[in-house]
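Comments concern the structure below.
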Amino acid sequence: MAPPGGPRPGWSRRAQYGLFFSFLAAVAGLVIGLVLLGLSLVAPKSYAAVRGVALDATAPVTSGLREVTATVGGIFTGAGNYWDAAHQNARLKRERELMLQRIIEAKAISLENRELKATLQLREHSRAPVAMGRVVGSSFSSPRRYAIFSAGTSDGVRVGMPVRTAQGLIGRVIDTGALASRVLLVSDRASIIPARILRSGQPIISQGRGDGTIDLRPLEVGRNPFKPGDIVITSGTGGLYPPLVPIARVVRLDDDGAIALPLADPASTSFAMVEEPYEPEAVAEEAGGSTDTQ
């Protein structure tokens, strides 16, 4: 007969003990359950007291579990709210940028409409214009000051015709194509215009300086007749430019003259109008007999 084997490993004993105590716990639980069931049937009041004691005993645990659950739920809820707020903030920023773009576009359209309306009103209150169009470009850094006008010989535009806006005189046409014209601005050195001071009516000469400003000189040497803020208008002398058209505003005095800025800035002007010379016959005679730069 084979000798008996060695002792069982320790883990086997622990497993047996575990099974035994588990069996005892199950039996104890069953007994306690049966006792409580019988107590609830036989003596409901006593059972209510026992249930109250059990509730008191488990209340701290239940409360702790509730707080943990609330904390975890609050963390997830806060994270969700933060994500929603970030998403809404990004959406509001996009909507704000779009709204600002729309506002800028609306302001640009409103400004263009005001300029067009002013030009149309000018057309109603002035001599019959030759053509209306846009100032599509102008020189800034060059000493020669020109602008491109979106009307040409096909619209009746000819060399020498004055160009103006509702704000004032821009210059005169010096070159034409079928669809566009080149305008010599009042701020060009070659632009010499007979003018008057609106405040006093004193005749003066307006000549461009080539830097975007205009040099104003009185016909009579003596006391400086200008004051800062004076408005200078065309006089009609020479027959090219009609009288009473605003040219520039005095910004500073210079010896016996003044420096002025044009009232009609081609850089910020959208619409302009070409007119016939004020006295076409006089201009034709002058052009035939000389090469005056007026």
Side-chain angles (χ1 to χ4, degrees), residues 111 114-115 117-119 121-127 135 138-147 161-174 183-275 277-279 282-283 286 292-294:
L111 177 61
R114 287 200 301 268
E115 291 184 2
K117 183 178 180 180
T119 304
Q121 290 177 349
L122 175 65
R123 179 176 181 174
E124 294 175 356
H125 294 86
S126 62
R127 298 177 302 140
V135 179
S138 60
S139 58
F140 294 97
S141 58
S142 172
R144 300 308 305 271
R145 298 284 164 159
Y146 299 112
M161 291 183 172
V163 182
R164 62 176 296 186
T165 68
Q167 290 74 35
L169 185 67
I170 287 184
R172 59 184 173 89
V173 177
I174 61 170
V183 180
L184 181 72
L185 302 180
V186 296
S187 58
D188 188 88
R189 292 181 182 275
S191 178
I192 302 175
I193 304 172
R196 293 180 182 274
I197 302 174
L198 179 61
R199 173 177 50 83
S200 62
Q202 182 172 342
I204 61 172
I205 292 295
S206 166
Q207 182 175 6
R209 291 164 51 90
D211 60 355
T213 61
I214 298 175
D215 185 61
L216 304 177
R217 298 294 166 181
L219 297 181
E220 298 179 359
V221 179
R223 183 178 61 87
N224 192 328
F226 299 100
K227 292 183 179 180
D230 273 346
I231 301 297
V232 176
I233 60 175
T234 56
S235 65
T237 304
L240 175 58
Y241 302 103
L244 305 179
V245 179
I247 301 175
R249 178 176 58 85
V250 174
V251 293
R252 73 173 188 270
L253 304 183
D254 181 24
D255 296 332
D256 60 341
I259 306 299
L261 287 176
L263 291 174
D265 183 8
S268 59
T269 298
S270 297
F271 298 95
M273 183 175 66
V274 178
E275 294 181 335
Y278 180 53
E279 296 178 355
V283 174
E286 185 176 357
D292 195 351
T293 57
Q294 290 184 354

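Values in this document were obtained by computation on a predicted structure and should not be read as measured data.
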Main-chain N/O of [Y] paired to [X] side chain as donor or acceptor, under 3.5 Å:
X: Asp230; Y: Leu198; value: no
X: Gln207; Y: Arg189; value: yes
X: Asn224; Y: Phe226; value: yes
X: Thr234; Y: Leu244; value: yes

Nearest 0.5 Å please: distance from the [atom1] atom of [X] over to the [atom2] atom of [Y].
X: Ile214; Y: Arg145; atom1: CD1; atom2: CZ; value: 11.0 Å
X: Thr237; Y: Arg196; atom1: OG1; atom2: CZ; value: 6.0 Å
X: Leu261; Y: Ser187; atom1: CG; atom2: OG; value: 9.5 Å
X: Asp215; Y: Ile259; atom1: CG; atom2: CD1; value: 4.5 Å

message: Arg172 and side chain to side chain contact (heavy atoms under 4.5 Å, CB included): which single residue from Val163, Leu240, Val274 fits?
response: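 Answer after filtering Val163, Leu240, Val274: Leu240.
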message: Tell me whether Arg199 at atom CZ has more than 12 heavy atoms from other residues, nucleotides or ligands lying less than 6.0 Å away.
response: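 Counting neighbours around CZ of Arg199, more than 12 heavy atoms of other residues, nucleotides or ligands fall under 6.0 Å, so yes.
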task: State, with a plain yes or no, whether a side-chain heavy atom of Ser235 is found less than 4.5 Å away from one of Pro203.
output: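 SC-SC contact between Ser235 and Pro203 ruled out.
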query: Going by heavy atoms in the side chains, are Tyr146 and Leu184 under 4.5 Å from each other?
result: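 Yes; the side chains approach each other to less than 4.5 Å.
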If you compare all heavy atoms of [X] against all heavy atoms of [Y], which two are closest, and at what distance to 0.1 Å?
X: Leu169; Y: Ile193; answer: CD2-CD1, 3.7 Å
X: Gly212; Y: Pro262; answer: O-CD, 3.3 Å
X: Met161; Y: Glu275; answer: CB-O, 3.3 Å
X: Pro162; Y: Tyr241; answer: CB-CD2, 3.7 Å
X: Val135; Y: Ala147; answer: CG1-CB, 4.1 Å
X: Gly168; Y: Val245; answer: C-CG1, 4.2 Å

task: Evaluate the side chain to side chain contact (heavy atoms under 4.5 Å, CB included) criterion for residues Ile231 and Leu263: first the C-alpha distance (whole Å), next the side-chain angles of each, then the deciding distance (0.1 Å), finally the verdict.
output: CA-CA 9 Å; Ile231 301 297; Leu263 291 174; 4.1 Å; yes
- prompt: Salt bridge between Asp254 and Arg217, side-chain N to carboxylate O under 4.0 Å?
  reply: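 Result for this pair is yes, salt bridge flagged.
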